[in-house]
Amino acid sequence: DSVIKNVEIGFDFTYYGESFNKLTVCSNGWASFFPCQGNDGSNTECNTVPFFFNTSITHPTGPKGMLAPFFDDLDDNQGQETFDVYFWTNSIDSAIVEWDGVANGQTDENCGPDTSCEKETFQLILDNNNKSASGNGSIIFQYNKIYDIDDHGSTVGIEAPDKNSGTQYLF
């Protein structure tokens with residue numbers, strides 16, 4: 001489980017009426033516009049939690065300002081599988097995070113050179129070309145392959161920075 005904080009998206013993106021230009025990306029299939037859960041806007045150091053136990057939207061735990069294309073306990077590095085998460089931006093109006101061929105943490109120990117296992121490939125796309133009437137950017141979740149196989153399911157949706165509202169597609 002890992003988190004990369006403050007990934008520069010290269011442009012200002014409006015989300016729930018607030019402007020952001022950085023993402024925190026977690027290996028567990030979610031991103032956030034904040035570097036840590038308790039971010040109060042100050043420049044103090046914070047510890048980022050790589051939340052792996054997905055919850056419903058809204059829920060008091062989990063990342064603030066969350067974008068969850070497929071929030072699940074993905075590859076926990078007990079197996080021998082590589083873990084590929086990619087980021088691309090044109091630094092003008094579009095950014096993409098892709099989780100590419102990642103195994104589920106519940107089964108990755110069964111993957112290896114002589115065996116195969118189900119792997120997820122999906123993307124989070126931020127698009128400033130098609131803003132809403134309120135000025136928010138477009139968020140696209142795009143899927144190639146998904147295997148929702150663990151015993152706790154997954155979470156798909158978005159949650160407001162204040163954690164008081166959101167849109168839950170799946171829990």
Side-chain angles (χ1 to χ4, degrees), residues 1-77 83-89 94-100 102-106 108 120-128 132 134 136-143 146 148 150-171:
D1 300 327
S2 60
V3 173
I4 300 172
K5 294 189 294 187
N6 297 322
V7 177
E8 298 275 348
I9 63 172
F11 53 93
D12 291 332
F13 186 84
T14 304
Y15 182 68
Y16 281 91
E18 295 183 46
S19 183
F20 299 94
N21 58 18
K22 296 177 184 174
L23 273 178
T24 293
V25 178
C26 182
S27 62
N28 288 314
W30 59 263
S32 169
F33 286 108
F34 294 91
C36 56
Q37 183 177 7
N39 189 359
D40 61 0
S42 68
N43 291 324
T44 59
E45 282 296 313
C46 61
N47 293 323
T48 302
V49 178
F51 295 100
F52 66 92
F53 196 78
N54 57 294
T55 57
S56 62
I57 294 173
T58 63
H59 197 276
T61 62
K64 294 173 63 174
M66 179 178 67
L67 308 164
F70 188 68
F71 181 9
D72 201 0
D73 185 13
L74 300 179
D75 186 345
D76 59 8
N77 297 322
F83 200 90
D84 297 320
V85 179
Y86 299 99
F87 175 78
W88 174 87
T89 182
S94 301
I96 301 171
V97 179
E98 178 173 305
W99 290 259
D100 183 33
V102 296
N104 189 284
Q106 194 161 10
D108 78 317
E120 279 78 43
T121 297
F122 57 97
Q123 295 178 332
L124 160 65
I125 302 169
L126 301 179
D127 180 3
N128 256 353
S132 69
S134 62
N136 289 314
S138 293
I139 300 165
I140 301 161
F141 296 162
Q142 187 163 276
Y143 304 93
I146 294 293
D148 197 4
D150 72 19
D151 55 5
H152 188 256
S154 60
T155 301
V156 176
I158 61 173
E159 191 171 62
D162 65 8
K163 300 183 75 49
N164 289 325
S165 62
T167 301
Q168 177 177 283
Y169 294 103
L170 175 72
F171 173 66

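If you read the sequence from its start, that first residue is 1, and numbering goes on from there.
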With respect to Thr167, which candidate in Ile57, Ile158, Thr58 satisfies the side chain to side chain contact (heavy atoms under 4.5 Å, CB included) definition?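 Going through the options one by one, the only one that passes is Ile158.
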Under the criterion side chain to side chain contact (heavy atoms under 4.5 Å, CB included), which of Ile140, Ile125, Asp127, Thr89 is the partner of Ser94?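 Single side chain to side chain contact (heavy atoms under 4.5 Å, CB included) partner of Ser94 among Ile140, Ile125, Asp127, Thr89: Asp127.
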For Ile4, is the CD1 atom crowded, meaning more than 12 foreign heavy atoms sit under 6.0 Å from it?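 For Ile4, atom CD1 is not crowded (no more than 12 foreign heavy atoms under 6.0 Å).
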Does atom OH (Tyr169) have a neighbourhood of more than 12 heavy atoms from anything else shown, all under 6.0 Å?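 Atom OH in Tyr169 is not crowded, with 12 or fewer foreign heavy atoms closer than 6.0 Å.
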Minimum heavy-atom distance between [X] and [Y], given as atom pair plus value:
X: Gly29; Y: Leu74; value: N-CD1, 3.8 Å
X: Glu159; Y: Tyr15; value: O-OH, 2.9 Å
X: Gly137; Y: Asn128; value: CA-OD1, 3.8 Å
X: Trp99; Y: Pro69; value: CZ3-CG, 3.8 Å
X: Tyr16; Y: Ser165; value: CE2-OG, 3.7 Å
X: Thr155; Y: Thr55; value: OG1-O, 2.7 Å

Pairs meeting criterion salt bridge (Lys or Arg N to Asp or Glu O under 4.0 Å) with involvement of residues 7-32, two or more places apart: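 As it turns out, the salt bridge (Lys or Arg N to Asp or Glu O under 4.0 Å) pairs with a partner in residues 7-32, which skip direct neighbours, are Glu8-Lys22.
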For the residue pair Leu126 and Leu23, establish whether any side-chain heavy-atom pair is separated by less than 4.5 Å.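 A side-chain contact under 4.5 Å exists here.
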Check whether any side-chain heavy atom of Leu124 lies under 4.5 Å from a side-chain heavy atom of Phe141, and answer yes or no.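 Side chain of Leu124 against side chain of Phe141, heavy atoms only: contact under 4.5 Å found.
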So, using ring-ring contact (aromatic ring centres under 6.0 Å, His included) as the criterion, who are the partners of Phe11 when residues are at least two apart?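 For Phe11 there are no ring-ring contact (aromatic ring centres under 6.0 Å, His included) partners, ignoring immediate neighbours.
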If the plane angle is over 60° it's perpendicular, under 30° parallel, otherwise tilted; pick one for Phe20 and Phe34.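 Aromatic pair Phe20/Phe34 classed perpendicular.
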Describe, in one word, how the ring planes of Phe122 and Phe70 are oriented to each other, choosing from parallel (under 30°), tilted (30 to 60°) and perpendicular (over 60°).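 Perpendicular.
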Look up atom [atom1] in [X] and atom [atom2] in [Y], then write down how far apart they are to the nearest 0.5 Å.
X: Phe33; Y: Thr24; atom1: CZ; atom2: OG1; answer: 10.0 Å
X: Gln142; Y: Glu98; atom1: CD; atom2: CD; answer: 9.0 Å
X: Ser27; Y: Asp73; atom1: OG; atom2: CG; answer: 8.5 Å

Kindly say whether Ile9 contributes a backbone atom to a donor-acceptor pair with the side chain of Asn21 at under 3.5 angstrom?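 Not confirmed, Asn21 side chain does not pair with Ile9 backbone.
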What verdict does the side chain to side chain contact (heavy atoms under 4.5 Å, CB included) test give for Asp100 and Tyr86, after you've listed the backbone C-alpha separation in whole Å, the side-chain angles of each residue and the deciding distance to 0.1 Å? CA-CA 8 Å; Asp100 183 33; Tyr86 299 99; 3.7 Å; yes
